[in-house]
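In what follows, chains are A, B, ... by sequence order, proteins preceding strands, each numbered from 1. Quantities reported herein were computed from a predicted structural model and do not represent experimental measurements. These numbers come from the heavy atoms of this one structure, side chains and all, not from hydrogens, waters or symmetry mates.
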2 protein chains.
Amino acid sequence: MIAILEALEQASDLAELQALSERMRDYFGVDHLVYHWVSGTGEQYGCGTYDPAWVARYLEKDYLRIDPVVQSCYQRFHPVDWKQLNWSGKPVRDFQRDAMDHGVGNQGFTVPVRGPSGQFAIFTVSHSCDDCTWHAFIENNRRELILAAHYFNQKALEFEPDRAPDAAMHLSPREVDAMTFLAMGYSRAQVADTLSISEHTLRVYIESARHKLGAANTTHAVARSLQQGLIIV
Amino acid sequence: MIAILEALEQASDLAELQALSERMRDYFGVDHLVYHWVSGTGEQYGCGTYDPAWVARYLEKDYLRIDPVVQSCYQRFHPVDWKQLNWSGKPVRDFQRDAMDHGVGNQGFTVPVRGPSGQFAIFTVSHSCDDCTWHAFIENNRRELILAAHYFNQKALEFEPDRAPDAAMHLSPREVDAMTFLAMGYSRAQVADTLSISEHTLRVYIESARHKLGAANTTHAVARSLQQGLIIV
DNA sequence: AGTCACTTCCCCCGAAATAGCGAGGAAGCG
DNA sequence: CGCTTCCTCGCTATTTCGGGGGAAGTGACT
């Protein structure tokens, strides 16, 4: 396992990630192993051993917004065993049947991982077996699966194009103040009052932040500030 | 190490976390080990082996917004060795001197961890030794430190009061659509157009979402939707 | 069979935010 | 000592948003 993690640290392109995902699948002895991530700007990438037809269908149908695994992982920190999830609801059952038909497997374990700037990824192993066997497998491999998720994400972030230049993004202290209070629900007048400056001045900061962030309006600017981790509310 | 991680999984209060942080410090053989987290709503908590006077001073001075370790970790995924950071700038040097005076140590290694709803935590080990010794220590213990950070955060999230009941929060599909497009910078008119509904209808969704989220205005509602992971932009 | 949540549409009007100009002073960096 | 960035304040017009009323159809769950 350590050898695989060290190989992951050395990987230099997506093809290597793909190869390592297959190698890791064999190491764990499961049907599938998938690492899938969404950048802060919405692009999706992934590598793993799912049927390419299933991956295409997943993207095409925008299953990301239905998949209970994703929905659940997006709101929790703990890794999740698929059996714990709520699979009720018509669209969800349709999705589940579709997944089964594409050989995803009846058991699964997914680790959510979060990076800066709203980056979010999931690392999944799935398999076909009975509940008891699966439970034992998870208990024995939980720590290694968490580490694997971490190392996959670490490498994936290096591959994202607009990650390094993004570091240049910077808001001035006053701009941060403005965005922070706006994110807390203050009106412009309230923010200006809180910061003890005129509302006109405040507007300059908001405008300035908007331009820096390439945002269309204040709401957008606040949303981007949050997503990019520029403000700590 | 595994014994400590398993004890972490069983911990039931902050005092146990504190005890385990001391036990883990002894395991690693470092001067200090600290886990510090900021909830999505801005409260700060922590446990670890720093001098309480330093912790108090850190909070009082709002060093969170100056500390280059925090600032850097907030924008990256990789753990960071303090030596890699940029310690220039007057406020930063003042902070650094202040930290030294409180016995923090000249070497440090910090792992950032992110949870849902904008939760953010750092796990730090610090020590006083030469660069070479420290580098070797980090190389040997990197994986265990990452796992430790993960397990600390896993437990910390359980202690947060409004974390579990929050799962009840739910936006309707249309409300999610509205919040999503607003977060993308669309104006009300554009969102209404995109969803092919009248702007009046859209307003009903925004109002509805605002009330559910307890938000003061649209910007606040979008900010909360993002923080709580209710929308995936 | 009734309640409840969701979706869709309409009216009005005052308050708030946005967009386009402008300028001067303080602080930090090379 | 300039240069840049940041902070501060001003004006006006237009657009957007917020809050207050309504009403009606669908589906789900009880």
Side-chain angles (χ1 to χ4, degrees), chain A residues 65 86-94 168-225 230, chain B residues 65-66 86-94 168-225 230-231:
Chain A
R65 297 175 193 276
N86 171 21
W87 293 89
S88 63
K90 189 172 169 300
V92 174
R93 280 190 301 271
D94 289 347
M169 173 61 73
H170 172 68
L171 296 182
S172 79
R174 279 314 219 189
E175 287 161 356
V176 172
D177 290 342
M179 292 295 110
T180 303
F181 286 120
L182 288 172
M184 288 163 60
Y186 289 29
S187 70
R188 282 206 311 208
Q190 287 175 307
V191 176
D193 200 50
T194 306
L195 297 177
S196 302
I197 55 176
S198 80
E199 197 174 329
H200 306 281
T201 305
L202 174 69
R203 269 179 41 203
V204 176
Y205 300 142
I206 300 175
E207 289 289 291
S208 170
R210 259 187 50 227
H211 287 123
K212 283 183 182 176
L213 294 162
N217 52 42
T218 301
T219 299
H220 194 194
V222 171
R224 297 204 115 164
S225 301
L230 299 173
Chain B
R65 297 177 193 274
I66 298 173
N86 172 21
W87 292 89
S88 63
K90 188 171 168 300
V92 173
R93 280 191 302 271
D94 289 349
M169 174 60 73
H170 171 69
L171 295 183
S172 78
R174 279 315 218 189
E175 288 160 355
V176 171
D177 291 342
M179 291 295 111
T180 303
F181 286 119
L182 288 173
M184 289 164 60
Y186 290 29
S187 71
R188 281 205 312 207
Q190 286 176 308
V191 176
D193 199 50
T194 306
L195 297 177
S196 301
I197 57 177
S198 82
E199 195 176 330
H200 307 281
T201 304
L202 174 68
R203 271 178 45 198
V204 176
Y205 299 141
I206 299 175
E207 289 288 290
S208 172
R210 258 186 51 226
H211 287 125
K212 283 184 181 175
L213 295 161
N217 51 43
T218 302
T219 300
H220 194 192
V222 170
R224 296 204 118 166
S225 301
L230 300 173
I231 59 178

Practice prompt. Find the distance between CD (B:Q190) and CG (B:L202) and round it off to the nearest 0.5 Å.
Written response: 11.5 Å

Worksheet item: Knowing that exactly one of A:H211, A:R210, A:R203 qualifies, which makes a side-chain hydrogen bond (donor to acceptor under 3.5 Å, both in side chains) with A:E207?
Response: A:R210

Discussion item. Please check this pair: side chain of B:R224 against backbone of B:G214, looking for a donor-acceptor N/O pair closer than 3.5 Å.
Written reply: yes

Worksheet entry | A:Y205 side-chain N/O to D:dT8 phosphate OP1/OP2 under 4.0 Å | yes

Practice prompt. Determine, for nucleotides 10-18 of chain D in 5'-to-3' order, which nucleotides have protein heavy atoms under 4.0 Å from the base (write B), from only the sugar-phosphate (write S), or from neither (write -).
Written response: SBB----BB

Item to complete: Measure from CG on A:L202 to P on D:dT8 and round the result to the nearest Å.
Response: 10 Å

Discussion item. Can a donor-acceptor pair be found, under 3.5 Å and without considering hydrogens, that links the side chain of B:S208 to the backbone of B:V204?
Written reply: no

Item to complete: Identify the 5'-most and 3'-most nucleotides of DNA chain C with at least one atom closer than 4.0 Å to a non-hydrogen atom of chain A.
Response: C:dA17 to C:dG20

Worksheet item: Just wondering, do A:L195 and A:T201 contact through their side chains at under 4.5 Å, heavy atoms?
Response: no

Discussion item. Rounding to an integer number of Å, can you tell me how far A:D177 CG sits from D:dT8 C1'?
Written reply: 14 Å

Worksheet item: Taking atom P of D:dC7 as reference, at what distance in whole Å does atom CG of A:L171 sit?
Response: 11 Å

Item to complete: Please report the C-alpha distance between B:M179 and B:L171 in whole Å, then the side-chain angles of each, then the deciding distance to 0.1 Å, and finally whether the side-chain contact (heavy atoms from CB on, under 4.5 Å) criterion is met.
Response: CA-CA 9 Å; B:M179 291 295 111; B:L171 295 183; 4.1 Å; yes

